[in-house]
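Indexing begins at 1, ligand by ligand and atom by atom, following the structure's order.
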Amino acid sequence: MAQSGGDLLITAAQVLLPDGRCLPRAVEVRRGVIAAVHEQAPPWQGPVLEGRGLTLLPGVIDPQVHFRDPGLTHKEDLVTASRACLRGGVTGFLEMPNTDPQTVDAGSLAAKLARAAAVSRVHHGFFLGACGDGSNLDQLRDPGPACGIKMFMGTGKGPLDCGDPAIQEQIFATGDRLIAVHAEDQQRLQQRRQELLSRWPDDQGRPADLHSDIHDVEAALAATQRAVDLSNRYGRRLHILHLTTGAEADWLRRHRSDRISIEVCPQHLFLDRSAYSHRGNLAQMNPPLRTGHDRQVLWQALLDGVIDCIATDHAPHTLAEKGRPYPHSPSGMPGVETSLPLMLTQVALGRCRLDQVARWMSERPAQLYGIPGKGRIAPGYDADLVLVDLQRSRPVLRQEVVSRCGWSPFEDWELVGWPEATVVAGVVGYERGVFNEACRGRALTFDPAAMVVSPE
Ligand code: DOR
(Lines give C-alpha, C1' and ligand atoms only; values in the text may rest on other atoms or scores of the structure.)
Protein backbone atom coordinates (compact mmCIF):
# COMPACT_ATOMS: atom_id res chain seq x y z
CA MET A 1 0.00 0.00 0.00
CA ALA A 2 1.05 3.55 -0.55
CA GLN A 3 2.26 5.12 2.72
CA SER A 4 1.64 8.64 1.54
CA GLY A 5 0.71 10.06 -1.79
CA GLY A 6 -1.49 12.59 -3.48
CA ASP A 7 -5.11 13.54 -3.00
CA LEU A 8 -6.98 13.64 -6.29
CA LEU A 9 -10.48 13.51 -7.67
CA ILE A 10 -10.87 11.99 -11.11
CA THR A 11 -14.22 13.07 -12.47
CA ALA A 12 -16.67 11.73 -15.01
CA ALA A 13 -14.47 9.02 -16.52
CA GLN A 14 -15.69 5.66 -17.71
CA VAL A 15 -14.12 3.59 -14.94
CA LEU A 16 -13.17 -0.05 -15.41
CA LEU A 17 -14.58 -1.73 -12.31
CA PRO A 18 -13.30 -5.03 -10.84
CA ASP A 19 -16.34 -6.88 -12.24
CA GLY A 20 -15.31 -5.92 -15.78
CA ARG A 21 -18.01 -3.27 -16.33
CA CYS A 22 -17.00 0.17 -17.47
CA LEU A 23 -19.28 2.83 -15.94
CA PRO A 24 -19.24 6.60 -15.42
CA ARG A 25 -17.75 7.20 -11.99
CA ALA A 26 -15.70 9.67 -9.98
CA VAL A 27 -12.67 8.23 -8.23
CA GLU A 28 -11.66 9.84 -4.95
CA VAL A 29 -8.03 9.41 -3.96
CA ARG A 30 -6.73 10.23 -0.50
CA ARG A 31 -3.00 10.06 0.28
CA GLY A 32 -2.34 7.95 -2.79
CA VAL A 33 -5.01 5.34 -2.09
CA ILE A 34 -8.43 4.98 -3.71
CA ALA A 35 -10.82 6.10 -0.96
CA ALA A 36 -14.08 5.74 -2.86
CA VAL A 37 -15.59 5.20 -6.29
CA HIS A 38 -18.66 7.47 -6.56
CA GLU A 39 -21.58 7.56 -8.96
CA GLN A 40 -21.63 11.36 -8.57
CA ALA A 41 -18.57 13.50 -7.87
CA PRO A 42 -18.51 14.53 -4.17
CA PRO A 43 -17.77 18.08 -3.00
CA TRP A 44 -13.99 18.46 -3.37
CA GLN A 45 -11.35 21.07 -2.57
CA GLY A 46 -8.19 19.37 -3.87
CA PRO A 47 -6.67 18.68 -7.29
CA VAL A 48 -8.97 17.37 -10.02
CA LEU A 49 -8.27 15.33 -13.13
CA GLU A 50 -11.05 15.75 -15.65
CA GLY A 51 -12.01 12.39 -17.10
CA ARG A 52 -14.90 13.30 -19.39
CA GLY A 53 -14.82 11.31 -22.61
CA LEU A 54 -11.97 9.17 -21.29
CA THR A 55 -11.60 5.73 -19.73
CA LEU A 56 -9.85 5.03 -16.45
CA LEU A 57 -7.83 1.81 -16.16
CA PRO A 58 -5.50 0.46 -13.48
CA GLY A 59 -1.90 1.45 -14.27
CA VAL A 60 0.10 -1.11 -16.19
CA ILE A 61 2.64 -3.18 -14.26
CA ASP A 62 5.32 -4.30 -16.71
CA PRO A 63 6.90 -7.42 -15.23
CA GLN A 64 9.94 -7.57 -17.50
CA VAL A 65 12.11 -4.62 -18.50
CA HIS A 66 15.85 -3.91 -18.98
CA PHE A 67 16.49 -0.30 -17.99
CA ARG A 68 20.34 -0.22 -18.29
CA ASP A 69 20.98 1.74 -15.12
CA PRO A 70 23.71 1.51 -13.83
CA GLY A 71 26.47 1.20 -16.39
CA LEU A 72 24.74 1.18 -19.77
CA THR A 73 23.09 4.55 -19.51
CA HIS A 74 23.96 5.63 -23.05
CA LYS A 75 21.03 3.31 -24.00
CA GLU A 76 18.62 4.27 -21.19
CA ASP A 77 18.59 5.23 -17.53
CA LEU A 78 16.01 5.16 -14.79
CA VAL A 79 14.92 8.73 -15.54
CA THR A 80 14.38 8.27 -19.29
CA ALA A 81 12.93 4.80 -18.77
CA SER A 82 10.46 5.81 -16.08
CA ARG A 83 9.35 8.83 -18.13
CA ALA A 84 8.78 6.44 -21.04
CA CYS A 85 6.72 4.32 -18.63
CA LEU A 86 4.55 7.32 -17.75
CA ARG A 87 3.92 8.05 -21.41
CA GLY A 88 2.85 4.43 -21.92
CA GLY A 89 0.57 4.23 -18.88
CA VAL A 90 3.03 1.99 -17.01
CA THR A 91 2.98 2.77 -13.28
CA GLY A 92 5.21 -0.06 -12.09
CA PHE A 93 8.01 -2.20 -13.51
CA LEU A 94 10.15 -5.20 -12.61
CA GLU A 95 13.68 -4.80 -13.92
CA MET A 96 16.24 -7.39 -14.96
CA PRO A 97 19.76 -7.85 -13.57
CA ASN A 98 21.89 -7.49 -16.74
CA THR A 99 23.15 -4.00 -15.96
CA ASP A 100 26.77 -3.06 -15.18
CA PRO A 101 27.44 -4.04 -12.48
CA GLN A 102 25.00 -6.91 -12.72
CA THR A 103 22.46 -7.28 -9.92
CA VAL A 104 23.81 -10.44 -8.34
CA ASP A 105 24.07 -9.66 -4.65
CA ALA A 106 22.48 -7.68 -1.84
CA GLY A 107 24.80 -4.70 -2.42
CA SER A 108 24.04 -4.23 -6.13
CA LEU A 109 20.33 -4.72 -5.42
CA ALA A 110 20.40 -2.09 -2.65
CA ALA A 111 22.20 0.34 -4.97
CA LYS A 112 19.50 -0.07 -7.64
CA LEU A 113 16.74 0.41 -5.09
CA ALA A 114 18.42 3.57 -3.78
CA ARG A 115 18.85 5.03 -7.28
CA ALA A 116 15.25 4.19 -8.19
CA ALA A 117 13.95 5.73 -4.95
CA ALA A 118 15.76 8.94 -5.90
CA VAL A 119 14.77 9.25 -9.55
CA SER A 120 12.17 6.74 -10.78
CA ARG A 121 8.89 8.37 -11.73
CA VAL A 122 7.02 5.07 -11.30
CA HIS A 123 6.98 2.15 -8.86
CA HIS A 124 9.82 -0.32 -9.18
CA GLY A 125 11.06 -3.78 -8.36
CA PHE A 126 14.28 -5.56 -9.30
CA PHE A 127 15.32 -9.13 -9.96
CA LEU A 128 18.40 -10.74 -8.52
CA GLY A 129 20.35 -12.55 -11.24
CA ALA A 130 21.62 -16.09 -10.84
CA CYS A 131 25.28 -16.49 -11.85
CA GLY A 132 26.08 -19.20 -14.35
CA ASP A 133 29.00 -20.56 -12.34
CA GLY A 134 26.89 -20.97 -9.22
CA SER A 135 29.01 -18.39 -7.39
CA ASN A 136 26.09 -16.46 -5.89
CA LEU A 137 23.94 -19.35 -4.68
CA ASP A 138 24.25 -18.03 -1.13
CA GLN A 139 22.62 -14.75 -2.28
CA LEU A 140 19.76 -16.62 -3.95
CA ARG A 141 18.73 -18.37 -0.74
CA ASP A 142 17.16 -15.14 0.48
CA PRO A 143 16.90 -12.48 -2.25
CA GLY A 144 15.33 -10.06 0.28
CA PRO A 145 13.55 -7.13 -1.41
CA ALA A 146 14.01 -8.53 -4.94
CA CYS A 147 10.86 -9.50 -6.87
CA GLY A 148 12.45 -12.85 -7.65
CA ILE A 149 15.43 -14.59 -9.19
CA LYS A 150 16.24 -14.28 -12.87
CA MET A 151 17.84 -17.23 -14.61
CA PHE A 152 19.05 -16.79 -18.19
CA MET A 153 19.16 -20.40 -19.37
CA GLY A 154 21.26 -19.24 -22.29
CA THR A 155 21.62 -16.13 -24.45
CA GLY A 156 25.15 -14.85 -24.06
CA LYS A 157 24.81 -12.64 -20.99
CA GLY A 158 28.33 -13.53 -19.80
CA PRO A 159 28.38 -14.26 -16.05
CA LEU A 160 24.57 -14.47 -16.00
CA ASP A 161 24.52 -17.31 -18.55
CA CYS A 162 23.13 -20.28 -16.67
CA GLY A 163 23.52 -22.78 -19.49
CA ASP A 164 24.78 -25.67 -17.40
CA PRO A 165 21.90 -28.02 -16.41
CA ALA A 166 23.73 -28.98 -13.18
CA ILE A 167 23.89 -25.31 -12.09
CA GLN A 168 20.26 -24.79 -13.16
CA GLU A 169 19.32 -27.62 -10.84
CA GLN A 170 21.30 -26.12 -7.95
CA ILE A 171 19.53 -22.81 -8.48
CA PHE A 172 16.13 -24.50 -8.24
CA ALA A 173 17.30 -26.39 -5.17
CA THR A 174 18.37 -23.19 -3.37
CA GLY A 175 15.79 -21.11 -1.50
CA ASP A 176 12.10 -20.86 -2.24
CA ARG A 177 11.40 -17.57 -4.01
CA LEU A 178 10.02 -17.17 -7.53
CA ILE A 179 12.42 -18.02 -10.39
CA ALA A 180 11.79 -16.27 -13.71
CA VAL A 181 13.46 -17.98 -16.66
CA HIS A 182 14.59 -16.84 -20.06
CA ALA A 183 14.09 -20.26 -21.61
CA GLU A 184 16.49 -20.92 -24.46
CA ASP A 185 18.88 -23.87 -24.37
CA GLN A 186 22.48 -22.70 -24.35
CA GLN A 187 24.02 -25.77 -25.97
CA ARG A 188 21.51 -25.79 -28.77
CA LEU A 189 22.09 -22.06 -29.39
CA GLN A 190 25.87 -22.52 -29.51
CA GLN A 191 25.57 -25.40 -31.91
CA ARG A 192 23.15 -23.55 -34.19
CA ARG A 193 25.24 -20.40 -34.11
CA GLN A 194 28.37 -22.26 -35.18
CA GLU A 195 26.59 -24.22 -37.85
CA LEU A 196 24.59 -21.40 -39.42
CA LEU A 197 27.08 -18.55 -39.17
CA SER A 198 29.74 -20.65 -40.92
CA ARG A 199 27.42 -20.91 -43.92
CA TRP A 200 27.82 -17.14 -44.32
CA PRO A 201 31.56 -16.56 -44.32
CA ASP A 202 31.16 -12.89 -45.28
CA ASP A 203 31.07 -11.06 -41.95
CA GLN A 204 29.14 -8.15 -43.47
CA GLY A 205 26.52 -9.92 -45.54
CA ARG A 206 24.52 -12.02 -43.12
CA PRO A 207 20.76 -11.49 -43.21
CA ALA A 208 19.12 -10.46 -39.92
CA ASP A 209 16.55 -13.24 -40.09
CA LEU A 210 19.33 -15.75 -39.56
CA HIS A 211 18.77 -14.82 -35.92
CA SER A 212 15.43 -16.64 -35.82
CA ASP A 213 17.03 -19.73 -37.38
CA ILE A 214 19.84 -19.80 -34.83
CA HIS A 215 17.45 -19.24 -31.91
CA ASP A 216 15.15 -21.97 -33.12
CA VAL A 217 11.98 -23.51 -31.69
CA GLU A 218 13.86 -26.52 -30.40
CA ALA A 219 16.16 -24.31 -28.27
CA ALA A 220 13.11 -22.66 -26.68
CA LEU A 221 11.05 -25.81 -26.18
CA ALA A 222 13.89 -27.83 -24.65
CA ALA A 223 14.65 -25.09 -22.11
CA THR A 224 11.00 -24.54 -21.20
CA GLN A 225 10.51 -28.26 -20.65
CA ARG A 226 13.61 -28.42 -18.44
CA ALA A 227 12.47 -25.44 -16.37
CA VAL A 228 9.03 -27.02 -15.85
CA ASP A 229 10.64 -30.30 -14.85
CA LEU A 230 12.83 -28.50 -12.30
CA SER A 231 9.82 -26.59 -10.95
CA ASN A 232 7.94 -29.86 -10.52
CA ARG A 233 10.82 -31.68 -8.88
CA TYR A 234 11.64 -28.89 -6.43
CA GLY A 235 8.09 -27.61 -5.92
CA ARG A 236 9.35 -24.22 -7.00
CA ARG A 237 7.41 -21.17 -8.15
CA LEU A 238 8.35 -20.67 -11.82
CA HIS A 239 7.58 -17.77 -14.13
CA ILE A 240 8.26 -18.34 -17.82
CA LEU A 241 9.29 -15.05 -19.38
CA HIS A 242 8.37 -14.00 -22.93
CA LEU A 243 6.93 -17.13 -24.47
CA THR A 244 7.42 -17.13 -28.24
CA THR A 245 6.53 -20.44 -29.85
CA GLY A 246 3.30 -22.24 -30.57
CA ALA A 247 5.10 -25.47 -29.66
CA GLU A 248 5.78 -24.22 -26.13
CA ALA A 249 2.25 -22.84 -25.74
CA ASP A 250 0.72 -26.16 -26.82
CA TRP A 251 3.00 -28.12 -24.52
CA LEU A 252 2.38 -25.79 -21.57
CA ARG A 253 -1.38 -25.99 -22.10
CA ARG A 254 -1.03 -29.63 -21.11
CA HIS A 255 1.79 -29.40 -18.57
CA ARG A 256 1.46 -26.16 -16.65
CA SER A 257 1.00 -26.64 -12.90
CA ASP A 258 -0.44 -24.26 -10.33
CA ARG A 259 3.10 -23.15 -9.48
CA ILE A 260 3.80 -21.95 -13.02
CA SER A 261 2.90 -18.67 -14.71
CA ILE A 262 3.58 -17.54 -18.24
CA GLU A 263 4.11 -14.23 -19.99
CA VAL A 264 4.08 -13.00 -23.59
CA CYS A 265 5.36 -9.80 -25.20
CA PRO A 266 3.42 -7.61 -27.65
CA GLN A 267 6.18 -7.98 -30.25
CA HIS A 268 5.61 -11.74 -30.31
CA LEU A 269 1.88 -11.21 -30.71
CA PHE A 270 2.13 -8.53 -33.40
CA LEU A 271 5.41 -9.06 -35.26
CA ASP A 272 6.81 -12.10 -37.01
CA ARG A 273 9.82 -12.96 -39.12
CA SER A 274 8.55 -10.83 -41.96
CA ALA A 275 9.58 -7.78 -39.87
CA TYR A 276 13.27 -8.37 -40.66
CA SER A 277 12.67 -7.41 -44.28
CA HIS A 278 11.76 -3.82 -43.40
CA ARG A 279 13.13 -3.35 -39.88
CA GLY A 280 16.42 -5.26 -40.27
CA ASN A 281 18.27 -5.68 -36.99
CA LEU A 282 15.70 -3.55 -35.17
CA ALA A 283 13.60 -6.73 -35.27
CA GLN A 284 16.35 -8.75 -33.59
CA MET A 285 15.63 -9.89 -30.06
CA ASN A 286 15.84 -12.90 -27.76
CA PRO A 287 13.88 -15.05 -27.89
CA PRO A 288 13.35 -14.07 -31.52
CA LEU A 289 10.39 -13.23 -33.69
CA ARG A 290 8.72 -16.39 -35.02
CA THR A 291 6.08 -17.20 -37.64
CA GLY A 292 2.54 -16.00 -38.20
CA HIS A 293 1.35 -19.38 -36.96
CA ASP A 294 3.24 -18.96 -33.68
CA ARG A 295 1.61 -15.56 -33.22
CA GLN A 296 -1.85 -17.07 -33.67
CA VAL A 297 -1.22 -19.87 -31.19
CA LEU A 298 0.14 -17.38 -28.63
CA TRP A 299 -2.96 -15.19 -29.04
CA GLN A 300 -5.23 -18.13 -28.46
CA ALA A 301 -3.23 -19.19 -25.41
CA LEU A 302 -3.54 -15.66 -24.02
CA LEU A 303 -7.30 -15.60 -24.62
CA ASP A 304 -7.67 -19.05 -23.05
CA GLY A 305 -5.70 -18.14 -19.92
CA VAL A 306 -2.78 -20.47 -20.65
CA ILE A 307 -0.68 -17.31 -20.79
CA ASP A 308 -1.24 -15.10 -17.75
CA CYS A 309 0.22 -11.72 -18.48
CA ILE A 310 1.93 -9.30 -20.83
CA ALA A 311 5.42 -7.85 -20.42
CA THR A 312 7.42 -5.78 -22.88
CA ASP A 313 10.99 -7.03 -22.28
CA HIS A 314 11.81 -3.35 -22.98
CA ALA A 315 15.47 -3.71 -24.01
CA PRO A 316 16.71 -0.49 -25.60
CA HIS A 317 19.86 -0.27 -27.72
CA THR A 318 21.00 2.75 -29.69
CA LEU A 319 20.39 2.98 -33.42
CA ALA A 320 24.17 2.97 -33.94
CA GLU A 321 24.48 -0.32 -32.04
CA LYS A 322 21.55 -1.80 -33.95
CA GLY A 323 23.16 -0.65 -37.20
CA ARG A 324 26.09 -3.05 -36.84
CA PRO A 325 25.99 -6.03 -39.18
CA TYR A 326 24.36 -9.18 -37.78
CA PRO A 327 25.45 -10.93 -35.51
CA HIS A 328 27.39 -7.96 -34.08
CA SER A 329 24.14 -6.07 -33.52
CA PRO A 330 22.65 -6.44 -30.02
CA SER A 331 19.30 -8.15 -29.42
CA GLY A 332 16.40 -6.26 -27.93
CA MET A 333 13.79 -3.60 -28.59
CA PRO A 334 12.00 -0.95 -26.51
CA GLY A 335 8.35 -1.42 -25.55
CA VAL A 336 6.96 0.44 -22.54
CA GLU A 337 5.57 3.36 -24.58
CA THR A 338 3.60 1.22 -26.99
CA SER A 339 2.41 -1.87 -25.10
CA LEU A 340 -0.87 -0.39 -23.83
CA PRO A 341 -1.80 1.41 -27.10
CA LEU A 342 -1.04 -1.81 -29.00
CA MET A 343 -3.38 -3.79 -26.77
CA LEU A 344 -6.08 -1.09 -26.77
CA THR A 345 -5.96 -1.21 -30.56
CA GLN A 346 -6.82 -4.90 -30.32
CA VAL A 347 -9.83 -3.92 -28.20
CA ALA A 348 -10.89 -1.45 -30.91
CA LEU A 349 -10.54 -4.24 -33.48
CA GLY A 350 -12.74 -6.51 -31.37
CA ARG A 351 -10.02 -9.07 -30.82
CA CYS A 352 -10.21 -8.86 -27.03
CA ARG A 353 -12.00 -6.90 -24.31
CA LEU A 354 -10.86 -3.97 -22.23
CA ASP A 355 -11.17 -5.91 -18.99
CA GLN A 356 -8.95 -8.65 -20.43
CA VAL A 357 -6.26 -6.11 -21.29
CA ALA A 358 -6.37 -4.71 -17.75
CA ARG A 359 -6.21 -8.22 -16.38
CA TRP A 360 -3.18 -9.20 -18.49
CA MET A 361 -1.32 -5.93 -17.91
CA SER A 362 -2.25 -4.86 -14.39
CA GLU A 363 -4.12 -7.36 -12.24
CA ARG A 364 -2.27 -10.54 -13.17
CA PRO A 365 1.25 -9.12 -12.85
CA ALA A 366 0.28 -7.91 -9.34
CA GLN A 367 -1.15 -11.31 -8.44
CA LEU A 368 1.67 -13.37 -9.91
CA TYR A 369 4.35 -11.49 -7.98
CA GLY A 370 2.25 -11.01 -4.84
CA ILE A 371 2.27 -7.21 -5.00
CA PRO A 372 -0.35 -6.03 -2.50
CA GLY A 373 -2.82 -3.24 -3.27
CA LYS A 374 -2.23 -3.06 -7.02
CA GLY A 375 -4.01 -3.82 -10.27
CA ARG A 376 -7.63 -2.82 -9.63
CA ILE A 377 -9.75 0.27 -9.31
CA ALA A 378 -11.49 -0.28 -5.98
CA PRO A 379 -11.44 1.33 -2.52
CA GLY A 380 -8.27 0.39 -0.64
CA TYR A 381 -6.20 -0.14 -3.78
CA ASP A 382 -3.32 2.18 -4.60
CA ALA A 383 -4.19 5.02 -6.97
CA ASP A 384 -1.90 3.91 -9.81
CA LEU A 385 -4.07 4.71 -12.79
CA VAL A 386 -4.09 5.52 -16.46
CA LEU A 387 -6.67 7.67 -18.20
CA VAL A 388 -6.91 6.63 -21.84
CA ASP A 389 -8.68 7.96 -24.89
CA LEU A 390 -10.07 4.86 -26.57
CA GLN A 391 -11.03 6.88 -29.65
CA ARG A 392 -7.74 8.60 -30.27
CA SER A 393 -6.02 7.20 -33.34
CA ARG A 394 -2.47 8.24 -34.12
CA PRO A 395 0.74 6.75 -35.42
CA VAL A 396 3.81 5.73 -33.43
CA LEU A 397 6.36 8.39 -34.35
CA ARG A 398 10.10 8.13 -33.86
CA GLN A 399 10.41 11.81 -32.91
CA GLU A 400 7.97 11.33 -30.03
CA VAL A 401 9.77 8.37 -28.42
CA VAL A 402 10.80 9.28 -24.87
CA SER A 403 13.09 6.29 -24.28
CA ARG A 404 16.73 7.33 -24.76
CA CYS A 405 17.16 4.79 -27.55
CA GLY A 406 14.92 6.99 -29.73
CA TRP A 407 13.14 4.40 -31.87
CA SER A 408 10.34 1.84 -31.78
CA PRO A 409 9.79 -1.39 -33.70
CA PHE A 410 6.21 -0.18 -34.22
CA GLU A 411 7.01 3.12 -35.92
CA ASP A 412 4.27 4.33 -38.26
CA TRP A 413 1.74 1.85 -36.92
CA GLU A 414 -1.58 3.60 -36.45
CA LEU A 415 -2.76 2.77 -32.93
CA VAL A 416 -6.16 3.49 -31.41
CA GLY A 417 -6.25 4.18 -27.66
CA TRP A 418 -3.52 6.29 -26.05
CA PRO A 419 -2.77 7.37 -22.47
CA GLU A 420 -3.87 10.94 -21.82
CA ALA A 421 -2.77 10.96 -18.18
CA THR A 422 -0.89 8.62 -15.87
CA VAL A 423 -1.29 8.74 -12.09
CA VAL A 424 1.25 7.29 -9.64
CA ALA A 425 0.06 7.02 -6.02
CA GLY A 426 -2.47 9.77 -6.60
CA VAL A 427 0.01 12.13 -8.28
CA VAL A 428 -0.49 13.03 -11.95
CA GLY A 429 2.92 12.13 -13.39
CA TYR A 430 2.05 12.71 -17.03
CA GLU A 431 -0.71 14.56 -18.81
CA ARG A 432 -1.02 15.07 -22.58
CA GLY A 433 2.69 15.14 -23.36
CA VAL A 434 3.70 17.06 -20.22
CA PHE A 435 5.69 15.34 -17.46
CA ASN A 436 5.54 16.17 -13.78
CA GLU A 437 9.25 15.85 -12.99
CA ALA A 438 8.52 15.77 -9.25
CA CYS A 439 6.55 12.52 -9.53
CA ARG A 440 8.25 9.60 -7.77
CA GLY A 441 7.34 5.94 -7.50
CA ARG A 442 8.12 3.66 -4.60
CA ALA A 443 9.75 0.28 -4.13
CA LEU A 444 7.17 -2.43 -4.76
CA THR A 445 6.82 -5.11 -2.12
CA PHE A 446 6.46 -8.80 -2.87
CA ASP A 447 4.57 -11.14 -0.61
CA PRO A 448 4.77 -14.82 -1.63
CA ALA A 449 1.72 -15.50 0.56
CA ALA A 450 -0.31 -13.01 -1.51
CA MET A 451 0.53 -14.63 -4.85
CA VAL A 452 -2.38 -15.84 -6.95
CA VAL A 453 -0.96 -18.08 -9.66
CA SER A 454 -3.97 -20.11 -10.80
CA PRO A 455 -7.03 -17.95 -10.22
CA GLU A 456 -9.72 -20.29 -11.60
O1 DOR B 1 16.54 -9.40 -26.81
C2 DOR B 1 16.83 -9.34 -25.63
N3 DOR B 1 17.56 -8.32 -25.13
N4 DOR B 1 16.42 -10.31 -24.79
C5 DOR B 1 16.84 -10.38 -23.52
O6 DOR B 1 16.41 -11.24 -22.80
C7 DOR B 1 17.83 -9.39 -23.02
C8 DOR B 1 17.70 -8.15 -23.74
C9 DOR B 1 18.75 -7.11 -23.45
O10 DOR B 1 19.04 -6.91 -22.27
O11 DOR B 1 19.25 -6.46 -24.36
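Remark: the Tyr430 side chain and the Glu420 side chain contain no N/O donor-acceptor pair separated by less than 3.5 Å. With no hydrogens or angles considered, a side-chain donor-acceptor pair links Asp313 and His66 at under 3.5 Å. For the residue pair Asp272 and Thr291, no side-chain donor N or O sits within less than 3.5 Å of a side-chain acceptor on the partner. A donor-acceptor contact under 3.5 angstrom links the side chains of Thr103 and Lys112, judged on distance only.
A cation-pi arrangement, defined by a distance under 6.0 Å to the six-membered ring centre and an angle within 45 degrees of its axis, is present between Arg83 and Phe435.
The closest approach between a heavy atom of Asp313 and any atom of ligand 1 is below 4.0 Å. Residue-ligand proximity: His317 is placed with a non-hydrogen atom under 4.0 Å from ligand 1. Using a 4.0 Å cutoff on heavy atoms, Arg68 counts as a contact of ligand 1.
On a distance-only criterion, Ser331 and ligand 1 share at least one N/O pair closer than 3.5 Å.
Under a 4.0 Å criterion applied to the non-hydrogen atoms of Asn98, ligand 1 contributes the atoms 9 (C), 10 (O). Short contacts between ligand 1 and Met285, defined as distances under 4.0 Å to a heavy atom of the residue, involve ligand atoms 1 (O).
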Query raised in the report: Step by step, would you call His124 with Phe67 a ring pair (Phe, Tyr, Trp, His ring centres under 6.0 Å)?
Result: CA-CA 11 Å; His124 38 271; Phe67 281 171; over 10 Å; no
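From the protein, the heavy atom lying nearest to atom 8 (C) of ligand 1 is Ala315 CB, 3.6 Å. Looking only at protein heavy atoms, the nearest one to atom 4 (N) of ligand 1 is Asn286 O, 2.8 Å. Among protein heavy atoms, atom 6 (O) of ligand 1 sits closest to His182 ND1, 3.2 Å.
A salt bridge (charged side-chain N to carboxylate O under 4.0 Å, His left out) with Asp209 is found for exactly one of Arg290, Arg273, Arg279, namely Arg273.
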